[in-house]
Amino acid sequence: MNPTLIKPKVAAFEVTGRCVLHCRHCRAAAVEHGTDPLDTTACKAILRKVADYTRCLLIFTGGEPMMREDIFDLVAYSRSLGQRPVMATCGAGLDRQTMLELKKRGLLSFSFSLDGADSLAHDSFRQHERAFALVMQAVQAANDAGIRFQINTTLTRLNVDSLESIAALAVSLGATCWNPFVLVPVGRGDAIRQLLLEPQEYERVLERLADLKATLPIEMRLTCGPQFARVARQRHLPKAEKVGGCLAATEFVFISRKGDVQTCGFLELSAGNLVKENYTFGHIWERSPLLCGLRDLSRYEGACGRCEYVKLCRGCRARALSASGSVYGEDPICLRAQQKKEGR
Ligand code: SF4
Ligand code: SF4
């Protein structure tokens, strides 16, 4: 193995494309009915091959992972392999008893999504009249069952004025971490790309997030906002050196519901299919032209290719692809990219 190559520290496994909600931004474009392409045996083979290669945090995601009948079995199997299983869920179908059973099988924590500080904001974004109530029930159940959870929030122009309120809500609910995600307009999210923040607006949001990170009593992580790595250093935030840019193809891997190895769930390019390629996870991770290319920063183009922060930040490859048609292009929401284009 190339000595500079890192094995993934976090793997997300999209075990289903089914979900009871119909969220506006859903990259998986999840629907309620359908058949999961991977059966239990195939899922276990994938879990085993990933564990053979790297012991990591394993995120069960979807769609809604609780829609799989074998989810308890998969969680237990993942834990038995030495992985650290966690689950990203909308909260549907999760009562205290279910959570205790998942905990018994080895699940370590949940992430619940809250995209607004109240039911009006959250339910309209999630396109379900009880979405907020479902999360509140799941939070209560997690607290009762003694399982840790974090709150995820998709940042868009709709909720950008409420960031501080949503963060405060996450704290009051007992979350261990508040984890905003910057919108990536793929899947159903393609239809709401007008909700992407403009570069100036986004830069102000990064400043506010830096203030929150410095003052919140719980952890705050920003996902898919790689420019925060720059802002954290410019603002001299505590532990700024631990705030990284995009981790796709370096520390993070995504495995789709069909078994495709991807950089992340938002970049819908396959580095190789585990089922068709005999579950050779390590081979795909180390040799795939896509993953090797994305690790080679000299290939980056446009403003990102000329940027002094590229090693730290890397820009969002999925937004670059979506905006310019090139996975090596520039991240359209970045202020520094805009300045570079203006020759500054
Ligand atoms: S490519 Fe973009 S969406 Fe994917 S992990 Fe990186 S920042 Fe996030
Ligand atoms: S131009 Fe690209 S590499 Fe530079 S800060 Fe912006 S997104 Fe990051």
Side-chain angles (χ1 to χ4, degrees), residues 6 8-12 14 25-28 57 59 61 88 152-156 179-187 189-190 193 196-203 205-207 209-210 221-235 243-256 260-271 290-291 293-344:
I6 304 169
K9 294 179 182 165
V10 181
E14 182 192 48
H25 68 302
C26 183
R27 55 143 198 88
L57 188 81
I59 306 170
T61 185
N152 294 349
T153 301
T154 298
L155 293 186
T156 68
N179 191 166
F181 283 61
V182 180
L183 177 68
V184 185
V186 300
D190 186 36
R193 61 175 59 241
L196 265 179
L197 300 171
E198 296 292 334
Q200 298 278 0
E201 194 180 16
Y202 176 51
E203 190 72 10
V205 167
L206 292 174
E207 295 281 332
L209 290 173
R221 257 194 319 268
L222 181 65
T223 298
C224 302
Q227 299 79 8
F228 195 54
R230 163 177 56 82
V231 173
R233 281 157 183 82
Q234 288 170 331
R235 295 283 299 265
V243 181
C246 170
L247 300 177
T250 57
E251 296 185 20
F252 180 79
V253 68
F254 180 90
I255 298 162
S256 82
D260 286 315
V261 176
Q262 296 177 202
T263 57
C264 63
F266 300 100
L267 192 54
E268 294 172 314
L269 299 176
S270 178
L290 172 68
L291 300 183
L294 288 171
R295 290 174 194 135
D296 178 2
L297 300 180
S298 71
R299 298 187 64 166
Y300 286 27
E301 301 160 355
C304 285
R306 303 192 302 278
C307 180
E308 61 276 34
Y309 297 108
V310 69
K311 200 169 169 192
L312 192 62
C313 163
R314 305 164 74 96
C316 173
R317 300 299 102 217
R319 276 191 297 265
L321 179 66
S322 159
S324 71
S326 169
V327 76
Y328 299 110
E330 65 209 14
D331 188 337
I333 66 169
C334 175
L335 183 65
R336 191 69 196 115
Q338 189 182 61
Q339 291 168 339
K340 286 267 167 202
K341 284 198 287 187
E342 292 164 358
R344 287 192 272 158

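Values below: all heavy atoms of this structure, side chains included; hydrogens, waters and symmetry mates excluded. Whatever order the structure lists ligands and atoms in, that order sets their numbers, starting from 1. Sequential numbering from 1 along the given sequence is applied to the chain's residues.
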R317 to Y300, cation-pi by 6.0 Å centre distance and 45° axis angle:
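Positive - R317 is close enough to the ring of Y300 and near enough to its axis.
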What is the nearest protein non-hydrogen atom to [atom], stated with its residue, atom name and distance?
atom	answer
atom 8 (Fe) of ligand 2	C313 SG, 2.3 Å
atom 5 (S) of ligand 2	C334 SG, 3.6 Å
atom 3 (S) of ligand 2	V310 CA, 3.6 Å
atom 4 (Fe) of ligand 2	C307 SG, 2.3 Å

Salt-bridge test for R336 and E203: reply yes if a basic N is under 4.0 Å from a carboxylate O, no otherwise.
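Salt bridge between R336 and E203, a charged N being under 4.0 Å from a carboxylate O: no.
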Tell me the nearest of G315, P199, C304 to atom 2 (Fe) of ligand 2, using heavy-atom distances.
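That would be C304.
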For Q227, is the nearest heavy atom under 4.0 Å from an atom of ligand 2?
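It does, in that a heavy atom of Q227 comes within the 4.0 Å cut-off of ligand 2.
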Could you give me the CA-CA distance, side-chain angles and deciding distance for Y309 and Q234, then say whether side chain to side chain donor-acceptor pair (under 3.5 Å) is met?
CA-CA 12 Å; Y309 297 108; Q234 288 170 331; 3.3 Å; yes
E330 vs S324 side-chain heavy atoms within contact, under 4.5 Å:
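SC-SC contact between E330 and S324 ruled out.
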Can you count the protein N, O or S atoms that lie less than 2.8 Å from atom 8 (Fe) of ligand 1?
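The number of such protein atoms is 1.
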Go through ligand 2 atom by atom and flag the ones less than 4.0 Å from a non-hydrogen atom of D331.
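Counting atoms of ligand 2 from 1, those under 4.0 Å from D331 are 7 (S).
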